[in-house]
Amino acid sequence: MNEELEKRIKKVNAKKFGEDLVGWFEEEMRDLPWRENQDPYRVWVSEIMLQQTRVDTVIPYYNRFMEQFPTVEALANAPEDQVLKAWEGLGYYSRARNLQAAVREVHETYAGIVPDNPKDISALKGVGPYTAGAILSIAYGKPEPAVDGNVMRVMSRILSIWDDIAKPSSRKIFEAGVRELIYKENPSYFNQALMELGAIVCTPTSPSCFLCPVQAHCAAFEEGTQQELPVKSKKKAAKTVELLTVIAENKKGEVLVTQRPEQGLLANMWEFPSFERNGTDTGVQMTELLSSDYHVDAMIIDEEWMVQDHIFTHLIWKMQVGRATVNQSDTALPEQTQWVSKDDIEKLAMPVSHRKIANRWKELT
DNA sequence: CATTCGTGGCG
DNA sequence: TCGCCAAGAAT
């Protein structure tokens, strides 16, 4: 740790900082479902769902998930497609698969008891430095840092840290800072308070310093630099990909759907057959690819039935959706591909763009 | 280390 | 409208 940071840390009265912060949290903490108790499994699920995801978005998913999979054993024994379906719409779907894989590991290796030490808990799939610290502190009261985006923002201001928080190496600096300042009487509340403060008071733009419980300890406030911190470099722009998507319907009123590969983007999610545009005639490309990739003989009845954009963080799909009718009934379909009825398509886990298309399809008479 | 991995909300 | 973002991890 560099000398400048060490000096900043020593300048903070750690005891009073912790008391002020935790005292504020005890008064102001929001009533959230994962704060009902400290069940490590419940804390764990909440932390996974909250990764890169807003509290308001998570709440309804969390409540449904805990009702459906209330215990380690329940989730360990659940079919994987059911877990993915429960995650539909929440994004970052590998979180769901990693969570279940890790829960099965806990079920089998640790007799259903979530590990309470850094080494074992960090070895679980989907549990990185932040989540490990969060579970250890919140569920087990261990004095471990849990450094997320909120904590980096808050601490960059408290300690006047000008390192780029977009760089992975910066996290260690903040962990070191938190280790020195963590309130050992209540590490759980201390960590949660830092995040709560970041979410409610010490916000990215125009922080509400006038109502901050630790204003007196804040280097940025003292220097008037709270608007300039944290330093965060920008990510590169998203690339656009043009896709053709086909609603291929058979005589029974069923539609062709296929499951994406188990690795990569939207892993294991179900979707309508989609192809990257190759520049040739739209209808021709739809027909030929349905034939070569899915072995179905289709007739295009509408090349541009609807359009749908799908905006990811690093990618934009511009989808042109066509409709086709398929005559042959029982040709062998490729693996991971099937016909589904309007009733059954609800049971499949689909990404938002395809779910929107599915809903529109269901409105057809 | 830089990139990949979703989604919805907000100024 | 659009860039930016939100309790990150895996590769």
Side-chain angles (χ1 to χ4, degrees), chain A residues 25 29-30 32-35 42-62 84 87-99 101-102 121-135 137-139 145-155 164-172 174-175 178 188 190-200 202-206 230 232-240 260-269 271 309-317 349-356:
Chain A
F25 182 68
M29 72 169 148
R30 292 170 289 180
L32 301 171
W34 45 88
R35 287 177 176 163
R42 291 177 57 89
V43 172
W44 184 7
V45 172
S46 76
E47 292 303 338
I48 300 298
M49 285 192 173
L50 285 162
Q51 289 170 6
Q52 299 293 284
T53 311
R54 295 173 191 283
V55 166
D56 289 342
T57 301
V58 167
I59 290 173
Y61 280 91
Y62 182 79
L84 202 55
W87 213 271
E88 184 185 88
L90 203 49
Y92 289 139
Y93 299 100
S94 64
R95 291 184 296 176
R97 295 183 59 206
N98 287 338
L99 172 61
I121 202 165
S122 298
L124 297 172
K125 282 187 184 174
V127 178
Y130 162 75
T131 304
I135 297 172
S137 61
I138 297 171
V147 176
D148 71 336
N150 284 311
V151 174
M152 286 196 281
R153 181 172 60 259
V154 171
M155 294 311 295
D164 183 358
I165 66 168
K167 293 191 181 306
S169 57
S170 298
R171 199 198 70 250
K172 298 196 191 85
F174 292 94
E175 284 178 347
V178 170
S188 168
F190 181 85
N191 282 340
Q192 291 186 74
L194 279 180
M195 295 187 275
E196 196 92 340
L197 189 71
I200 295 173
C202 196
T203 49
T205 58
S206 56
K232 189 174 185 181
S233 59
K234 293 170 185 171
K235 295 169 189 170
K236 66 172 190 178
K239 237 185 359 185
T240 299
R260 295 178 61 86
E262 57 182 329
Q263 299 283 335
L265 183 66
L266 301 170
N268 279 358
M269 300 292 279
E271 65 179 10
D309 290 351
H310 191 147
I311 302 173
F312 303 90
T313 303
H314 61 297
L315 185 68
I316 299 172
W317 281 352
M350 306 182 86
V352 286
S353 53
H354 287 266
R355 178 56 66 195
K356 284 175 184 170

Comparing A/K232 and A/I48 on DNA chain C - which has the more 5′ nearest nucleotide: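 Its nucleotide being nearer the 5' end, the pick is A/K232.
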Closest-nucleotide 5' rank along DNA chain C - winner of A/N98 and A/E196: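 Nearest-nucleotide comparison on DNA chain C picks A/E196.
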Measure [atom1]/[X] against [atom2]/[N] and give the value in whole Å, please.
| X | N | atom1 | atom2 | value |
| --- | --- | --- | --- | --- |
| A/R171 | B/dA2 | CZ | C1' | 15 Å |
| A/I316 | C/dC4 | CD1 | P | 12 Å |
| A/Q263 | C/dA10 | CD | C1' | 10 Å |
| A/K235 | C/dC4 | NZ | P | 10 Å |
| A/I135 | C/dG8 | CD1 | P | 13 Å |
| A/L99 | C/dA9 | CG | P | 13 Å |
| A/I121 | C/dA9 | CD1 | C1' | 14 Å |
| A/E262 | C/dA10 | CD | P | 17 Å |

Whole-Å P distance, C/dC4 and B/dT3: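 Here C/dC4 and B/dT3 have their P atoms 16 Å from each other.
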Nearest-angstrom distance, P atom, C/dA6 to B/dC5: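 Those two atoms are separated by 22 Å.
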Distance, nearest 0.5 Å, that separates CD1 of A/I138 from CH2 of A/W44: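 Reported to 0.5 Å precision, the distance equals 14.5 Å.
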A/M49 backbone acceptor or donor facing A/R95 side chain under 3.5 Å: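 Looks like yes, one N/O pair under 3.5 Å.
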Which part of the nucleic acid, if any, lies within reach of [X] when heavy atoms closer than 4.0 Å are counted: base, sugar-phosphate only, or nothing?
| X | answer |
| --- | --- |
| A/I138 | nothing |
| A/K234 | sugar-phosphate |
| A/V55 | base |
| A/W34 | base |
| A/S46 | nothing |
| A/R35 | base |

Residues that A/Q51 engages under side chain to side chain donor-acceptor pair (under 3.5 Å), provided they are two or more places apart: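 With neighbours one apart ignored, the set is A/T131.
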Heavy-atom protein contacts under 4.0 Å, nucleotides 6-11 of chain B, coded B base, S sugar-phosphate only, - none: BBBB--
is_close_aromatic(A/Y92, A/W87), centroid dist under 6.0 Å: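 A/Y92 vs A/W87: aromatic centres not under 6.0 Å.
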